Structure formats: structure tokens, C-alpha cells
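Working notes, structure below.
Given the structure is predicted, the values throughout are model-derived calculations rather than measurements.
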Amino acid sequence: MTQQQLQHLYWRAGFGMHPKSNTTISKHRASVVEALFESSKAFTPLNIDLSYLDGIKPVDLKNFPELAREINQKGAKKILEFNIAWVKRLINPTELLRERMTLFWANHFVCRERNPLYTEQYNNTLRYFALGDFRDFVKAISKEAAMLRYLNGKQNKKARPNENFARELMELFTLGEGRYSEKDIKECARAFTGYNHDFKGSFVYNENHHDHNSKLFFNHIGNYEGDNIIDIILENKQCAAYISDKIYRYFVNPKPNPKHINAMTDVFFKDYNIENLMRFVFLSDWFYDDANIGSKIKSPIDYLVGMAVTVPATFEKERDLIKIQKLLGQTLLDPPNVAGWKGDKAWIDANTIMVRLKLPSVILNNAVIASGEHDEFKKKFMTKHKGKLPFKTTPNWTTFFENFEAVSTEELQDYMLQGTVNKGTADYLQTLSKVSKREYCVQLMSLPEYQMC
């Protein structure tokens, strides 16, 4: 593998890399890919302290309104705490590929929940199944307390079926829009009646609320329950095609290649094993085509985490990590709707591109923004924050210099920029030949090309 191909793989399977990690990585593709999967075989749940819920019962919240308000207020803070813990995990992952896959699935099985216990459980379900059996994955998601609340599964009862989950199960989670009929939605909803959960988030199946009558779903007739419906859906190769297309657009290129997606579909349809599908993608020659390298606009999380992989930084106030996510347009655990973030070109607009181009100077230069072209940006934030810049950081340049010790200042470009650099940018970089390695790093992160991976 060339250095560029290796970086391409690590931007897709992770969040970038630095030269020091090269010394422990084989340059043989099969060995590199195998090491990624081997290092992600373990499952390390992400947990925060939720001990304030110990001993609390539903009747307590019903009988003591003040206690209920206090619990809700603490819960809102814990959601933010979990967000920060998740970002930290992405920056320093215990299982790199599993964490990248968890981030992907979070924008596929989209869910927004304000109970931190259910949020934590749901996030760890995504993490647990991230490289596993897609069939089991979908079934587990259908029984998660967070999803049951988000798409009204708790209200889905035989006397009055609720179709929200049934519709999204097919449209967003498995088949894609227009691959089912309104009749299929109604029959699907009937099969999932009786799904519920207890106070601690464990799944509860209420037979009294389940419709035990026969259902006609995709020309199959039977006394179906939710798991049966999922099995029938996965019998349709369109499900494998839909997931393969989505994975291709996320991990390979936003512009789909039907030939490559069809090959992925054939692999995935055999057993719906996510690991086997991803291994096929990462080992394929076409994955490393020049057209795919630097073809993606970094999501705000990719951008923020990738910057931290290169130059770690400590925030004086950890909540500022959430402030940055909001500025960039992607706050973890707070998707815009059940379809999630659109991604690709939707990440960039007149406001977010300005923030992206100036943010490295803020985070990595002790929140001091240079004069000249940055004055407008500085004025905007100084006005908004009453004469103060929005956050203070302590960048760890020592770690940066250790990781990039073997790389010259001019060679930083080869490690930090993916894809093609246009002539204007190349000419500009020539004018920076005499700046320090530290300043050159900040300038590279401030380029439009740095937004790509």
C-alpha cells in the first residue's frame, strides 16, 4: 500500500493517522485490513455515571413532581456528558473500526432520546452489533427502549396500531423509499403490537396488546410477530442492496458506483454479516481508486476528531465540545429528524465553511486569531461572547512533534491532505516554506482541501 492509500483506509475506517503509527502498521493490504478487524473484535461499552437513578421507581416520579423535575434536569446534563464521553472515545478509541461503524449506524438507525439510561443502552447496542449480524441488529433495535419511545412503539397496540416504526423500518432502516405498499405498513405495524419496555429499559412483550390474528405481508401469510417481519424483509435482496448502497456512499464515495454496489450486495445477501461486507470493501482494488481518495466532505465530527488525532487539545470547559458541534452543524445524540443528517454537500454552507476555515486557529493557537483576513471572524465571536473568544484550549504540541518527528515541514501536506490540491493552494503553500512546523500545520488545517477526506 502507498502512504496515500494507507491514509485513505484510516480516514474511512477511522479518523486519520499520523506518521508514528506507521512504524507499527504493515504495508501489505491484507495484513493492514486484518489488523483493523482484529483490534475491533472486542466490545467495550461506553458508560457514564448514572448512579443518581439508583433506587428511583416510576411511582416516585408520579407521586413527587419536584423529584421528577430534578431527575429530568439531571438527565439533560447527563445527555451532554454522554456526548462528550462519546467524542473522547472517538478521539482515543479502544476499538477503532468498531467506533467508526458505531458512528455510521447512529445515522442509520437514527434515534433521539432524552433519558440518559436509554440513550446509553441504545448507543451500546449500536456499538455491540456494529460489525455483527445485521438480522440480529435490526431485531435488537426494534426492542430498544429509546427506539420504542422515539417511534411510538409503546403506543402500538392491537386496538389502535401505530405505524411510525413500521414505516421507518422499511423506508429508512432496511429497504428504502417506495419498496413497500401502504398495506405492508399496516400489516407490519400489527406484527409489532405489544412491544414495550420497563423502567430500566429492558424489553417487555405484552401479549394482551399484541394482535394475534393472521397478517398478509409481502405476499406472506401468517400469525407474524416483529422478528418474523424482519426475517421476511431480509429475504428481499433489495435490503442488502439498500444497505450496501448506503455503506458505499459513506465509506467509499458519495457518488454511487452501481457495479461496485452490486458486488457488495452479493456479498452481504449471503449472510448479512457486516464484518464480511466491510472486509470485502476494504480489500477491493476499487476502494483505493484515485477517484475515491479525498472524495468526501468531512462531517463535523470527522473534522473535529481528525484535528484532535493530529494535535490533541484540552478544553478548559468540556461543554465547549458541544458548542463546536452546534457551530459546525452536527451535535451527537441530537439528529435533526428520523432520517438523520444528509451529509456530503449538506455539511457546508456560508456559515459552516467560515467556522471550519478559522477553527484550527482558535483551537490550536490558544484561542488567539491572527489579524488581517481573520478580523471579521474575530469580530463576530467577540461581539457574540461579550468581548471574549468562545472557548479556551491547551493544544498538546509536544505530542504532535513526537508523532511527526520523522516528517519535514513540507512533508506535512502529504499526511494531512487527501486527494488533489489545486494550483492556487499549491502556490499558497509555496509562500509558507519558511514558517514553523507548528504554523504550517495550522495553515494546512485552514485550507478548503482539509475539509475533504
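- Every residue two or more places apart in sequence or in another chain that forms a ring pair (Phe, Tyr, Trp, His ring centres under 6.0 Å) with Phe282 is listed here: Phe287.
- Note that the CD1 atom of Ile243 and the CD atom of Gln238 stand 9.5 Å from one another [nearest 0.5 Å].
- With sequence neighbours left out, the side chain to side chain contact (heavy atoms under 4.5 Å, CB included) criterion links His209 to Lys157, Asn206.
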Evaluate the criterion ring pair (Phe, Tyr, Trp, His ring centres under 6.0 Å) for residue pair Phe104 and Phe251; output intermediate values, then yes/no. CA-CA 9 Å; Phe104 166 76; Phe251 286 93; 5.5 Å; yes
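- Between Asp245 and Arg249 there is a salt bridge, since at least one side-chain N of the basic residue sits less than 4.0 Å from a carboxylate O of the acidic one.
- Within the structure, no pair that satisfies the ring pair (Phe, Tyr, Trp, His ring centres under 6.0 Å) test touches residues 63-101, not counting sequence neighbours.
- With rounding to the nearest 0.5 Å, the separation of OG in Ser40 from CD in Glu275 is 9.0 Å.
- At most 12 non-hydrogen atoms from other residues, nucleotides or ligands lie less than 6.0 angstrom from NZ of Lys77.
- Using modelled atom types, one finds a donor on one side chain and an acceptor on the other under 3.5 Å when comparing Ser181 with Asp184.
- Outside the 6.0 Å centre-distance limit, the rings of Trp347 and Tyr303 are not counted as a close aromatic pair.
- No hydrogens or angles considered: a donor-acceptor pair under 3.5 Å links the side chains of Asp349 and Thr352.
- Exactly one residue among Tyr118, Tyr205, Phe203 makes a ring-ring contact (aromatic ring centres under 6.0 Å, His included) with His197. That residue is Tyr118.
- Among residue pairs with one or both ends in residues 217-236, none qualify as ring pair (Phe, Tyr, Trp, His ring centres under 6.0 Å); sequence neighbours excluded.
- In this model, a donor atom of one side chain and an acceptor atom of the other lie less than 3.5 Å apart for Arg127 and Asn124.
- Partner Phe165 forms a ring-ring contact (aromatic ring centres under 6.0 Å, His included) with one of Phe109, Tyr150, Phe192 and no other, that one being Phe192.
- Within 6.0 Å of NZ on Lys186 lie no more than 12 heavy atoms contributed by other residues, nucleotides or ligands.
- Ion pairing of Lys215 with Glu225 is absent here, as no side-chain N (NZ or NE/NH1/NH2) approaches a carboxylate O to less than 4.0 Å.
- Residue pairs meeting the side chain to side chain donor-acceptor pair (under 3.5 Å) criterion with at least one partner in residues 312-321, sequence neighbours excluded, are Lys88-Glu318, Asp320-Lys323.
- Using a 4.0 Å cut-off between charged nitrogen and carboxylate oxygen, Asp285 and Arg29 count as a salt-bridge pair.
- Looking at Lys74 and Glu70, a side-chain N of the basic residue comes within less than 4.0 Å of a carboxylate O on the acidic one, giving a salt bridge.
- Tyr250 has its ring centre no less than 6.0 Å from the ring centre of His108.
- Salt bridge status for Lys255 with Asp344: absent, with no side-chain N to carboxylate O gap under 4.0 Å.
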Check residues 128-136 and write down every donor-acceptor pair under 3.5 Å in which the side-chain atom is one partner and the other belongs to a residue at least two apart or another chain.
{"residue": "Asp133", "atom": "OD1", "partner": "Arg135", "partner atom": "N", "Å": "2.8"}
{"residue": "Asp133", "atom": "OD1", "partner": "Asp136", "partner atom": "N", "Å": "3.0"}
{"residue": "Arg135", "atom": "NH1", "partner": "Asp231", "partner atom": "OD1", "Å": "3.0"}

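- Just one residue in the list His8, Arg12, Gln7 forms a side chain to side chain contact (heavy atoms under 4.5 Å, CB included) with Ile293, and that residue is His8.
- If you check the side chains of Asn422 and Thr425, you find a donor sitting under 3.5 Å from an acceptor.
- Here the straight-line distance linking atom CD1 of Ile56 with atom CG of Leu50 works out to 12.5 Å at 0.5 Å rounding.
- Between Arg114 and Asp334, at least one side-chain nitrogen of the basic residue sits less than 4.0 Å from a carboxylate oxygen of the acidic one, meeting the salt-bridge criterion.
- The neighbour count for Asn219 CG, taken as heavy atoms of other residues, nucleotides or ligands under 6.0 Å away, does not exceed 12.
- Taking all atoms of both residues into account, the shortest heavy-atom contact from Leu148 to Asn196 is CD1-O, 3.5 Å.
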